[in-house]
Amino acid sequence: MKTFIVDSFTSEPFRGNPAGVCFPASPPGEVLMQQIAKELGLSETAFVQQTLRPDTFRIRYFSPRKEIPLCGHATLASAKVIFETTDETTLHFVTIENLDLLVTKEADEIVMEFPVYDTTPATAPAAMLEALGVSSVRNTAFSAKNKIMLLEIEDADALARLKPDFAALVHSHQGINGVLVTAPSGTGAYDYHYRYFWPWAGTDEDPVTGGVQTFLAKYWSERLGKKVMRAFQSSARTGYMNIELRGETVLLKSQAIIVLEGNLRQFEAASSEIR
């Protein structure tokens, strides 16, 4: 099984968010895909299969814990590999939920078109704030589609310094996939910063997250009165993307670097149960 590791949302190797990208010759079972994702240990691994059309691919995403319906950085990583190994400049990725994600190549950047989802007002449990190390929040919202809590705090520097207690965090709320903490940039380089913690569904912290822009971009667009923005994820690896709201879609533009290419021996699933 041809397999790549690609650093997404960065122009430098070993920054951004590393994703696994696998190209199976035949559809692997869900148990096997889950085991491969757990073996690679990255926040997500994408499994990509070409359809009868050369520009259209089925894509599925797995964290080390579970299948994820939509993933930004693994889509970007998959597109990077295909653009480098074919003559295609426009791609369609069809997800498990039958979303048709349009992805185009523009010079050395890749542009992804994602759907836009609403948020509703919410209240963060005190235990969650304590686990995050957040003393106060400016606003709290919830993305029902993504099952993600959104907390806006005042200071981007304080956001970068957060060191959550992940054991306490995962017990602070039930029924969510993650919590996103965001702040206005305070500088001219970016419009907003954010970090995404998701020990419920994946890894402790996702280094750079594109999928959250399905609701975060609209959230900041309404607060800033802007349709075109630049976002920075202030994780240890850091990463960036340019954002543009166009009605019910959001465009994510950034870069990616292929850092590893090889062949994964395709085994039958070792067991029917993932522990």
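Residue numbers count from 1 along this sequence.
- Classification of the Phe62-Phe47 ring pair by plane angle, with boundaries at 30° and 60°, yields perpendicular.
- Interatomic distance, Ser78 OG to Ile59 CD1, rounded to the nearest 0.5 Å: 3.5 Å.
- With hydrogens and angles disregarded, no donor-acceptor distance shorter than 3.5 Å links the side chain of Thr56 to the backbone of Arg53.
- Checking side-chain atoms of Thr10 against main-chain N and O of Arg15 turns up no donor-acceptor pair under 3.5 Å.
- Counting heavy atoms from C-beta on, the side chains of Ile82 and Phe93 come closer than 4.5 Å.
- Formation of a donor-acceptor pair under 3.5 Å by the Ser221 side chain with backbone atoms of Ala217 is not found in this model.
- With contacts defined as side-chain heavy-atom distances shorter than 4.5 Å, the pair Thr238/Val208 does not qualify.
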(Q) For a side chain to side chain contact (heavy atoms under 4.5 Å, CB included) check, start with the C-alpha distance between Val103 and Val111, then their side-chain angles and the critical distance, and finish with the verdict. (A) CA-CA 6 Å; Val103 183; Val111 182; over 6 Å; no

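- No more than 12 heavy atoms of other residues, nucleotides or ligands lie within 6.0 Å of CD in Glu39, so this atom counts as exposed by the packing criterion.
- Here the CD atom belonging to Glu12 is positioned 11.0 Å from the CZ atom belonging to Arg237, to the nearest 0.5 angstrom.
- Of all heavy-atom pairs spanning Trp200 and Val170, the tightest one is NE1-O, 3.2 Å.
- The line from CG of Leu102 to CG of Asp55 is 9.5 Å long, rounded to the nearest 0.5 Å.
- Side-chain atoms of Trp198 and Leu180, non-hydrogen and from C-beta on, never get closer than 4.5 Å to each other.
- Val137 and Ile148 end up in different hydrophobic clusters when Ile, Leu, Val, Met, Phe, Trp and Tyr side chains are linked at under 4.5 Å.
- A salt bridge links Lys2 to Glu261: one of the charged nitrogens lies within less than 4.0 Å of a carboxylate oxygen.
- To the nearest 0.5 angstrom, Ser63 atom OG is 4.5 Å from Ile68 atom CD1.
- Listed by first then second residue, pairs satisfying side chain to side chain donor-acceptor pair (under 3.5 Å) with a partner in residues 110-131 read Asp118-Lys218, not counting sequence neighbours.
- Using a 4.5 Å heavy-atom cutoff, the side chains of Asp191 and Pro184 are not in contact.
- In this structure, Arg195 and Ala160 approach most closely via the heavy-atom pair NH1-O, 3.2 Å.
- Scanning both residues, Met1 and Cys22, for their nearest heavy atoms gives SD-CB, 3.4 Å.
- Looking at heavy atoms from C-beta onward, Pro125 lies out of side-chain contact with Gln174 at the 4.5 angstrom threshold.
- Every residue meeting the ring-ring contact (aromatic ring centres under 6.0 Å, His included) condition with Trp220, not counting sequence neighbours, appears here in chain and number order: Tyr192.
- Listed for the Gln50 side chain is a donor-acceptor partner under 3.5 Å among the backbone atoms of Pro54.
- The same ILVMFWY cluster, assembled from side-chain heavy atoms under 4.5 Å apart, contains both Val116 and Leu252.
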(Q) Is there a side chain to side chain contact (heavy atoms under 4.5 Å, CB included) between Leu132 and Phe197? Walk through the geometry before answering. (A) CA-CA 9 Å; Leu132 288 167; Phe197 309 109; 3.7 Å; yes

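- With hydrogens and angles ignored, the 3.5 Å screen pairs a side-chain donor or acceptor of Thr95 with a backbone N or O of Leu99.
- Residues passing the side chain to side chain donor-acceptor pair (under 3.5 Å) test with Asp206, sequence neighbours excluded: Asn17, Ser43, Thr209.
- A continuous path of ILVMFWY side-chain contacts below 4.5 Å connects Leu224 to Val212, so both sit in one hydrophobic cluster.
- When every heavy atom of Leu129 is checked against every heavy atom of Ala124, the shortest pair comes out as CD2-CB, 3.9 Å.
- Atom CD1 of residue Ile258 and atom OG of residue Ser8 lie 10.0 Å apart, to the nearest 0.5 angstrom.
- For the atom pair Leu151 CG and Phe142 CZ, the distance stands at 12.0 Å (nearest 0.5 Å).
- Under the 4.5 Å side-chain heavy-atom criterion for grouping Ile, Leu, Val, Met, Phe, Trp and Tyr, Met229 is connected to Ile110 within one hydrophobic cluster.
- Side chain of Thr214 to main chain of Gly211: a donor-acceptor pair is present (N/O by atom type, distance under 3.5 Å, no hydrogens or angles).
- There is a side-chain donor-acceptor pair under 3.5 Å between Tyr194 and Gln233.
- For Asn177 and Arg65, the side-chain atoms include no donor-acceptor pair closer than 3.5 Å.
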Q.
Go through it in stages, so that I can follow the logic: the residues are Thr89 and Thr104, the test is side chain to side chain contact (heavy atoms under 4.5 Å, CB included), and I'd like the CA-CA distance, side-chain angles, deciding distance and then a yes or no.
A. CA-CA 6 Å; Thr89 57; Thr104 56; over 6 Å; no

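- Side-chain contact check for Glu30 versus Arg60: some heavy-atom pair is nearer than 4.5 Å.
- Judged by distance alone, the side chain of Thr75 and the main-chain N or O of Cys71 form a donor-acceptor pair under 3.5 Å.
- Between Gln34 and Glu67, the shortest heavy-atom distance links the atoms OE1-N, 3.9 Å.
- A continuous path of hydrophobic side-chain contacts links Leu150 to Leu245 [ILVMFWY only; heavy atoms under 4.5 Å].
- Counting only distance, with no hydrogens or angles, the side chain of Gln255 and the backbone of Met241 share no donor-acceptor pair below 3.5 Å.
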Q | Verdict with supporting geometry, Met112 and Leu101, side chain to side chain contact (heavy atoms under 4.5 Å, CB included) | A | CA-CA 7 Å; Met112 304 184 294; Leu101 306 175; over 6 Å; no

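- Checked for salt-bridge contact, Glu244 and Lys227 miss the test: no charged N lies under 4.0 Å from a carboxylate O.
- A ring-centre distance under 6.0 Å is not found for Phe9 and His73.
- Across all non-hydrogen atoms, the minimal contact from Ala46 to Tyr61 is CB-CD2, 4.2 Å.
- In this structure, the side chain of Thr45 does not engage the main chain of Ala37 through any donor-acceptor pair within 3.5 Å.
- Side chain of Arg246 to backbone of Leu251: no donor-acceptor contact under 3.5 angstrom is found.
- Looking at Glu97 and Leu70, their side chains never come closer than 4.5 Å, going by heavy atoms from C-beta outward.
- Taking 4.5 Å as the limit, every side-chain heavy atom of Gln49 sits out of range of all side-chain heavy atoms of Phe23.
- Side chains of Tyr219 and Glu152: a donor on one and an acceptor on the other come within 3.5 Å.
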